[in-house]
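Scroll down for the structure; my scribbles are underneath it.
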Amino acid sequence: MKKQQVSADLQRVVVETLARLGRAFAERDVDAAVACFTPDGAAYGDDLGEHAHGHEELAFFLAEVFEEPFVMGWEVGEVWARHRSDVLWFVARTEAVLSYPEGIVERVPFQLSGTLSRSRRHGWRFELFNGTQPVTQARELLVGV
């Protein structure tokens, strides 16, 4: 019973931390998004060269992401998480939700993973954040074209 409670608590931490970052994405608020990371935190995407380390690079990287014609968010599904002391690592199956100004909404499978660390002053923040579109048979066929 205790193990299930710990697991539920870890899942709650992951969902809440991803939601905080998701709100910053929805508002295209670079400062709020950067505040979700430790000063030396890093973000990685699945495109070549899609990464940033530290607040300065993260601010530049996220400003570019927020210039896209869509607003990106995610809906969190299954979460796997473990921790040791004030460090937590996770993988979350999500659906990326891309909302375009014309009212079109696109949903694609998306996997988020990362490492969170906790401080008394800032709560849980990302040391590492990774977002990738999982390989599916349809995506594999597109890559081969």
Side-chain angles (χ1 to χ4, degrees), residues 2-102 104-140 142-143:
K2 177 100 172 152
K3 186 176 182 178
Q4 289 176 341
Q5 182 63 40
V6 169
S7 180
D9 290 345
L10 295 178
Q11 289 177 4
R12 179 186 49 76
V13 166
V14 170
V15 169
E16 288 175 359
T17 307
L18 288 172
R20 188 171 70 242
L21 183 60
R23 286 189 296 275
F25 268 64
E27 296 168 6
R28 297 179 186 236
D29 185 335
V30 172
D31 292 335
V34 169
C36 293
F37 289 83
T38 62
D40 57 350
Y44 282 80
D46 57 3
D47 283 341
L48 189 61
E50 195 174 52
H51 59 82
H53 304 113
H55 278 183
E56 188 175 322
E57 284 185 23
L58 283 164
F60 181 77
F61 172 72
L62 291 167
E64 284 187 337
V65 169
F66 296 162
E67 287 178 1
E68 292 291 338
F70 54 82
V71 174
M72 180 179 182
W74 43 79
E75 293 179 4
V76 179
E78 181 182 351
V79 174
W80 176 90
R82 297 293 182 267
H83 80 102
R84 188 161 290 125
S85 187
D86 289 336
V87 176
L88 180 155
W89 53 97
F90 72 93
V91 176
R93 287 188 187 172
T94 69
E95 229 180 24
V97 181
L98 310 175
S99 302
Y100 293 85
E102 305 83 19
I104 297 170
V105 176
E106 182 181 3
R107 295 168 139 348
V108 294
F110 207 56
Q111 184 169 282
L112 300 176
S113 60
T115 306
L116 301 169
S117 64
R118 177 174 49 190
S119 73
R120 287 189 178 138
R121 183 174 178 197
H122 299 287
W124 290 99
R125 295 191 300 170
F126 292 98
E127 294 280 351
L128 173 65
F129 177 81
N130 184 42
T132 60
Q133 193 173 357
V135 175
T136 61
Q137 187 174 9
R139 187 172 179 213
E140 190 70 17
L142 287 175
V143 172

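No experiment lies behind these values; they were computed from the predicted model shown.
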Are Trp80 and Arg93 close enough, and set up right, to give a side-chain contact (heavy atoms from CB on, under 4.5 Å), and what steps lead you there?
CA-CA 9 Å; Trp80 176 90; Arg93 287 188 187 172; over 6 Å; no

If every non-hydrogen atom of Leu112 is compared with every non-hydrogen atom of Gly131, which pair is closest and at what distance?
CD2-CA, 3.7 Å

Give a yes or no on whether the backbone of Phe110 and the side-chain of Thr94 come within a donor-acceptor separation of less than 3.5 Å.
yes

Evaluate the side-chain contact (heavy atoms from CB on, under 4.5 Å) criterion for residues Val13 and Phe90: first the C-alpha distance (whole Å), next the side-chain angles of each, then the deciding distance (0.1 Å), finally the verdict.
CA-CA 10 Å; Val13 166; Phe90 72 93; over 6 Å; no

More than 12 non-hydrogen atoms from neighbouring residues, nucleotides or ligands closer than 6.0 Å to OH on Tyr100, yes or no?
yes

Glu16: side-chain contact (heavy atoms from CB on, under 4.5 Å) partners, not counting sequence neighbours:
Arg12

What's the shortest heavy-atom distance between Ala43 and Leu58, and which atoms?
CB-CD2, 3.7 Å

Got a second to check how far Asn130's CG is from Gln111's CD, nearest 0.5 Å?
8.0 Å

Parallel under 30°, tilted from 30 to 60°, perpendicular over 60°: which one fits the rings of Phe37 and Phe126?
tilted

Work out which heavy atom in Ala33 is nearest to a heavy atom in Ala24; give both atom names and the distance.
N-CB, 3.5 Å

Looking only at non-hydrogen atoms, find the nearest pair between Pro109 and Gln133 and report the distance.
O-CG, 3.5 Å

Main-chain N/O of Val79 paired to Gln11 side chain as donor or acceptor, under 3.5 Å:
yes

With a 4.5 Å cut-off on side-chain heavy atoms, are Arg125 and Pro39 touching?
yes

Would you say the side chain of Phe129 lies within less than 4.5 Å of the side chain of Leu18, judging by non-hydrogen atoms?
yes

Can you run down the side chain to side chain donor-acceptor pair (under 3.5 Å) pairs that involve residues 48-59, sequence neighbours left out, and say none if there aren't any?
Tyr44-His53

Do you know the tightest heavy-atom contact between Arg118 and Ser85?
NH2-O, 3.9 Å

Measure the shortest side-chain to side-chain distance between Trp89 and Leu128 over non-hydrogen atoms and say whether it is less than 4.5 angstrom.
no

Spell out, as yes or no, whether a donor-acceptor pair under 3.5 Å connects the side chain of Arg20 to the backbone of Trp124.
yes

With no hydrogens and no angle check, is any side-chain donor or acceptor of Arg28 less than 3.5 Å from a backbone partner on Phe66?
yes

With side-chain contact (heavy atoms from CB on, under 4.5 Å) as the test, pick out the partner of Glu127 among Leu88, Leu116, Val87, Asp40.
Asp40

Locate the shortest heavy-atom distance separating Val71 from Ala26; write the atom from each residue and the value.
CG1-CA, 3.7 Å

Drop me the distance from His122's NE2 to Cys36's SG, to the nearest 0.5 angstrom.
12.0 Å

Could you tell me whether the side chain of Val105 reaches within less than 4.5 Å of the side chain of Ser99, counting heavy atoms only?
yes

